[in-house]
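Step one of this worksheet: look at the structure below.
Chain letters run A, B, ... following the sequence lines, proteins first and then strands; every chain starts at 1. Computed from a prediction, not measured in an experiment: that's the story for all the values here.
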There are 2 protein chains.
Amino acid sequence: MVESSKILRESADLDDVDRKIVEELQANGRITNAELADRVGVAASTCIARVRSLVARKIITGFTASVDPRAIGLDLEVLVSVTVRSGARQRITELSEELRGLPEVMQLFFLGGVEDFIIHLAVRDSDHVRDFVVEHLSAHPAISSTRTSIVFSHHQNPVRMQG
Amino acid sequence: MVESSKILRESADLDDVDRKIVEELQANGRITNAELADRVGVAASTCIARVRSLVARKIITGFTASVDPRAIGLDLEVLVSVTVRSGARQRITELSEELRGLPEVMQLFFLGGVEDFIIHLAVRDSDHVRDFVVEHLSAHPAISSTRTSIVFSHHQNPVRMQG
DNA sequence: CATGAAATTATTACGAA
DNA sequence: TTCGTAATAATTTCATG
């Protein structure tokens, strides 16, 4: 089925206009359509159709405001590495769902390797970390061990085209 | 200086309207101001002033489109843990600046603990990971060791109020 | 600070190329 | 698909409470 795999790749293929739109919207997701159209060099009506197509094709998965955790009293970020008890691996999915719902959890990486998860937390202080780990991790029957590291700084980049 | 520390905290303090705006804009950063005002229950002119204040106070640090790396041919995500050579710790800052500029790097966590960094990469395939590690990490004089883990899945949550 | 109203801009269907 | 246009809708300034 060479055809269908080619079609699948083509459907995600971005031309120069799409690429520029994606770049601009990653840098400023609240830019007006008119301004975006100007920057990209197409008509406003073309631009809005392109943006909708990018969203419909799930190339753009959403638009979000970035919030500084420190600005709302969450002064401490940590990464917690978690190892799941062998024989409880089938419970990883339900555990991950549970963790995702907790307000402290900013990110969850489900991994292959020695560690099964890494949890990125934003919390008030070190007492809050301890409470989180005790309540949601140490006590959990599927969890074998955890390791907590302080995050001194954290940078997030836009997704960039490569190759 | 009880006063000044109180003032600092107050300046970041959000009332119910601010909290609702932050929540809505994290869920949909491209919502119109009119719609946002409706949802929050204030006049459009009030709403836009609140949003600007949140941005001016750096509570909202930006607005971005979320892009699916797989949709643009970056089919593999990995975390690379990096340990810096003791005696080269003062070079961590410059190394981090260098890494941030690379297109593969989506996130960079600068840590306290056994590992000094964790790098979150989006790449084409395993050859691409190997090339990245060889070119930018193994060869670097400040780097002592690296460990790479495949990311099976990755979830990102909005920042949520706590307490 | 918040609001409503007025003026300015932006969004968006749609017809034509 | 792209564009220009025209109607609709949103944004933003500002005077007033």
Could you go over nucleotides 8-11 of chain C and give all protein N or O partners under 3.5 Å, atom names and distances?
residue: C/dT11; atom: OP1; partner: A/N33; partner atom: N; Å: 2.7
residue: C/dT11; atom: OP2; partner: A/N33; partner atom: N; Å: 3.1
residue: C/dT11; atom: OP2; partner: A/A34; partner atom: N; Å: 2.5

Hey, could you give me the [atom1]/[atom2] distance between [X] and [Y], rounded to the nearest 0.5 Å?
X      : Y      : atom1 : atom2 : value
B/S138 : B/F132 : OG    : CZ    : 10.5 Å
B/R19  : A/I72  : CZ    : CD1   : 9.5 Å
B/Q107 : B/L121 : CD    : CG    : 10.5 Å

| task | Mark yes or no for whether B/D68, through its side chain, and A/I59, through its backbone, hold a donor-acceptor pair below 3.5 Å. | result | no

| Any salt bridge between A/K20 and A/E24, counting N to O under 4.0 Å? | yes

| Is the shortest side-chain N to carboxylate O distance from A/R50 to A/D15 below 4.0 Å? | yes

| query | Does D/dT2 have OP1 or OP2 sitting under 4.0 Å from an N or O in the side chain of A/R50? | reply | yes

| query | Judged by modelled atom types alone, do B/R57 and B/S53 share a side-chain donor-acceptor pair under 3.5 Å? | reply | yes

| With a 3.5 Å cut-off and no angle check, do the side chains of B/H120 and B/E77 form a donor-acceptor pair? | yes

| remark: The side chain to side chain contact (heavy atoms under 4.5 Å, CB included) partner of A/V51 among A/V40, A/T46, A/I21 is A/I21

| request: Could you go through the ring pair (Phe, Tyr, Trp, His ring centres under 6.0 Å) check for A/F63 and B/F63 one step at a time? | output: CA-CA 7 Å; A/F63 295 92; B/F63 295 93; over 10 Å; no

Contacts under 3.5 Å, N or O only, protein and nucleotides 4-7 of chain C:
residue: C/dG4; atom: N7; partner: B/S45; partner atom: OG; Å: 3.4
residue: C/dG4; atom: O6; partner: B/S45; partner atom: OG; Å: 3.0

Roughly how many Å is it from [atom1] in [X] to [atom2] in [N], rounded to a whole number?
X     : N     : atom1 : atom2 : value
B/L14 : C/dC1 : CG    : C1'   : 16 Å
B/L36 : C/dA2 : CG    : P     : 14 Å
B/D38 : D/dA9 : CG    : P     : 14 Å

| Bend angle of the helix from C/dC1-D/dG17 to C/dA17-D/dT1, end axes from five pairs each (to 10°) | 30°

